[in-house]
S.K.: 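Structure in structure tokens, see below.
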Amino acid sequence: MSDDRVFATYWIETAFPLEQAAATMAGEQSTGTFVRVPGETDALREAHAARVESIEDLGEVAVPSLPGSGLPKTGDTTRRAARVVLSWPLVNFGASLPNLLAAVAGNLSELKAFSGLKLIDLTLPPAFLARYQGPQFGVAGTRRLAGVYDRPIIGTIIKPSVGLSPEATAEQVRVLVEAGVDFIKDDELQADGPHCPFDARISAVMRVINDHADRTGKTVMFAANLTGEIDEMLARHDHVLAEGGTCIMASMNSIGLPAMKVLRAHSQLPIHGHRNGWGMLGRSPAIGMSFIAYQKLWRLAGIDHTHVNGIDNKFCEPNNSVIASARECLTPMFDAPHPGCEIMPVFSSGQSARQAAPTYAALGSVDCMFAAGGGIMAHPGGPAAGVRALMLAWDAAVAGVPVEQAAQDSPELAAALGAFGG
């Protein structure tokens, strides 16, 4: 594809002829108004108009997916779905993620011609890399800091989400690091609450982690949730770094792309990008944005890992969507010699030893974080047995050994399978 154009793929639903509907999309998000205006010359349109690259008719739709859509003047009520690819010249908005977003996901969803419209994918030119740094650590750098190779990074989360003091948080971290976990994260609901101030919490947590590292040689990665105003986040990053921390976390939808760019430029630590709020964009099949498109924006802005949900999770996302998201995180955005901006996918949400085999079978890689809360803390043998069971389950998955067979030689794994259902 051309290096001077941006390509966006959409799913649409409309009662208008597909060619007309696609042209409406292209005009709305580039040069067009509903009528020609002075100054809108043929030369200008040739240089700056969005192009309809392809239309794939997906067939008739029985009822409109969204309210408020209109009908053509012919009165035809037949609605069709289609897959549409549009492209824009990069000169329309330059290598700017906020302005790119305005072009590919701006006013489209409100257009009356559509009873459904969702952004499915983006293909961006390497020119964006001249302005955006992409992930600083990615998969390899995260593994180096965590000291974990050739298997998933086993992680967990501080629960309860809120209510713990800095000292109580540190005590929970002590239990987890002694259990052998590789990665711990703050909950996205806990950043700098008055009962658990950020600086005090991180100082208390890092005393535990540094003491454990001094005794064992293993520095457990703790993703400190520094979400806040830009100046607060930069100061909080510096506090984590000064205390010997090896990871920070930010809620992507809360801070926005420009703030993530600033944080990435400042950071000396991996950025754990939390996608909370993505469901508002991704849950409906008829509107919003797929995670495939969404994560590309944030990879460019500089995150190093992000959540993709999990197999048989506690939420509504189906397994095929979870795996597609995880695969995409590991797929290069740009061809060599440009950096691919690959990041570490994080499986979470109701995960246990039972999901290791299907996750590996579907993903075909151990380049992931596998985060379990109850799957570790609620193990009948305690957190250490929970961590051990997860590691054994992944070992069996990679070796192609059925988990029930592997459990015959492991009481920890057998107990996990019994505790966490069928």
Side-chain angles (χ1 to χ4, degrees), residues 1-61 64-66 68-74 76 78-128 257 281-282 284-290 292-294 296-297 300 333:
M1 288 187 173
S2 172
D3 279 351
D4 60 359
R5 297 189 74 83
V6 165
F7 294 79
T9 302
Y10 302 86
W11 174 90
I12 66 168
E13 181 184 287
T14 181
F16 288 74
L18 295 179
E19 293 78 8
Q20 180 183 343
T24 299
M25 295 170 65
E28 176 68 26
Q29 294 307 110
S30 58
T31 61
T33 63
F34 67 96
V35 294
R36 278 280 191 130
V37 297
E40 191 179 351
T41 64
D42 290 341
L44 185 147
R45 290 174 67 87
E46 176 65 25
H48 296 281
R51 289 198 310 234
V52 178
E53 299 287 347
S54 65
I55 302 172
E56 179 188 357
D57 190 337
L58 300 177
E60 291 189 17
V61 176
S65 296
L66 298 173
S69 61
L71 297 173
K73 291 181 180 179
T74 61
D76 186 359
T78 303
R79 297 181 186 273
R80 305 191 74 81
R83 187 178 179 91
V84 173
V85 179
L86 303 183
S87 75
W88 290 257
L90 184 61
V91 294
N92 279 18
F93 36 78
S96 164
L97 288 179
N99 291 307
L100 164 74
L101 197 57
V104 301
N107 290 330
L108 290 175
S109 296
E110 297 97 316
L111 289 173
K112 190 177 289 187
F114 299 93
S115 54
L117 192 154
K118 185 167 186 171
L119 177 62
I120 300 300
D121 201 358
L122 287 169
T123 301
L124 306 180
F128 278 89
L257 288 163
L281 297 172
S284 171
I287 197 168
M289 183 186 306
S290 79
I292 303 301
Y294 173 87
K296 289 182 177 179
L297 303 171
L300 261 179
M333 284 181 61

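Just so it is clear, the values below take in all heavy atoms, side chains as well, and ignore hydrogens, waters and symmetry mates. Numbers for residues simply follow the sequence, beginning at 1.
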S.K.: Which pairs count as salt bridge (Lys or Arg N to Asp or Glu O under 4.0 Å) when at least one residue sits in residues 78-101, sequence neighbours excluded?
M.R.: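 Qualifying pairs: Asp57-Arg80, Glu60-Arg80.
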S.K.: Testing the basics here: between Phe16 and Ala21, what is the closest heavy-atom pair and its distance to 0.1 Å?
M.R.: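 Looking at all heavy atoms of both residues, the shortest contact is CB-CB, 4.5 Å.
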S.K.: Within the 4.5 Å heavy-atom criterion, are Val52 and Leu86 side-chain neighbours or not?
M.R.: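 They are in side-chain contact.
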S.K.: Can you tell me how far the CG atom of Leu97 sits from the NZ atom of Lys296, to the nearest 0.5 Å?
M.R.: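 With rounding to 0.5 Å, CG (Leu97) is 13.0 Å from NZ (Lys296).
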S.K.: Using every non-hydrogen atom in the two residues, find where Leu101 and Leu297 come nearest and quote the distance to one decimal.
M.R.: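 Here Leu101 and Leu297 meet closest at CD1-CD1, 3.7 Å.
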S.K.: Under 3.5 Å, side chain of Trp88 to main-chain N/O of Gln29, donor-acceptor pair present?
M.R.: yes
S.K.: For Tyr10, give me all partners under side-chain hydrogen bond (donor to acceptor under 3.5 Å, both in side chains), at least two apart in sequence or on another chain.
M.R.: none
S.K.: Before you tell me yes or no, could you show the steps for Val6 and Asn92 under side chain to side chain contact (heavy atoms under 4.5 Å, CB included), namely the whole-Å CA-CA distance, both residues' side-chain angles and the distance that decides it to 0.1 Å?
M.R.: CA-CA 10 Å; Val6 165; Asn92 279 18; over 6 Å; no
S.K.: Restricting to pairs with a member in residues 103-118, which pass salt bridge (Lys or Arg N to Asp or Glu O under 4.0 Å), not counting sequence neighbours?
M.R.: none
S.K.: Take Phe7 and Asp121, measure what side chain to side chain contact (heavy atoms under 4.5 Å, CB included) needs, and give me the verdict at the end.
M.R.: CA-CA 8 Å; Phe7 294 79; Asp121 201 358; over 6 Å; no
S.K.: Grab the two heavy atoms, one from Phe128 and one from Gly94, that are nearest each other, plus how far apart they are.
M.R.: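 Scanning both residues, the minimum pair turns out to be CZ-O, 4.0 Å.
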S.K.: Find the distance between CG (Leu108) and OG1 (Thr24) and round it off to the nearest 0.5 Å.
M.R.: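 Rounded to the nearest 0.5 Å, the CG-OG1 separation comes to 10.5 Å.
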S.K.: Indicate yes or no: at least one non-hydrogen side-chain atom of Leu124 is less than 4.5 angstrom from one of Leu100.
M.R.: yes
S.K.: Taking the side chain as C-beta and beyond, is there a heavy-atom pair between Leu257 and Leu300 under 4.5 Å?
M.R.: no
S.K.: Please enumerate all residues that pass side chain to side chain contact (heavy atoms under 4.5 Å, CB included) together with Ile287, with sequence neighbours excluded.
M.R.: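 With sequence neighbours excluded, Ile287 shows a side chain to side chain contact (heavy atoms under 4.5 Å, CB included) to Leu66, Ser109, Ser284, given in chain and number order.
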S.K.: What closest approach, in Å, do Ala95 and Leu90 show between heavy atoms, and which atom pair accounts for it?
M.R.: N-CD1, 4.2 Å
S.K.: Rounded to the nearest 0.5 Å, what separation is found between the CD1 atom of Ile12 and the CG atom of Leu58?
M.R.: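 So the gap between those two atoms works out to 9.0 Å.
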S.K.: Kindly state each residue pair satisfying side-chain hydrogen bond (donor to acceptor under 3.5 Å, both in side chains) with at least one member in residues 11-22, sequence neighbours excluded.
M.R.: Glu13-Ser65, Glu13-Ser115
S.K.: Would you mind reporting whether Met25 and Phe114 have side-chain heavy atoms less than 4.5 Å apart?
M.R.: yes
S.K.: Within the structure provided, determine whether Leu281 and Tyr294 are in side-chain contact (heavy-atom separation under 4.5 Å).
M.R.: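 Yes. Closest side-chain heavy atoms under 4.5 Å.
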S.K.: Residues two or more places apart in sequence or in another chain: which of them pass salt bridge (Lys or Arg N to Asp or Glu O under 4.0 Å) with Asp76?
M.R.: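 Counting only residues at least two positions away or on another chain, Asp76 forms no salt bridge (Lys or Arg N to Asp or Glu O under 4.0 Å).
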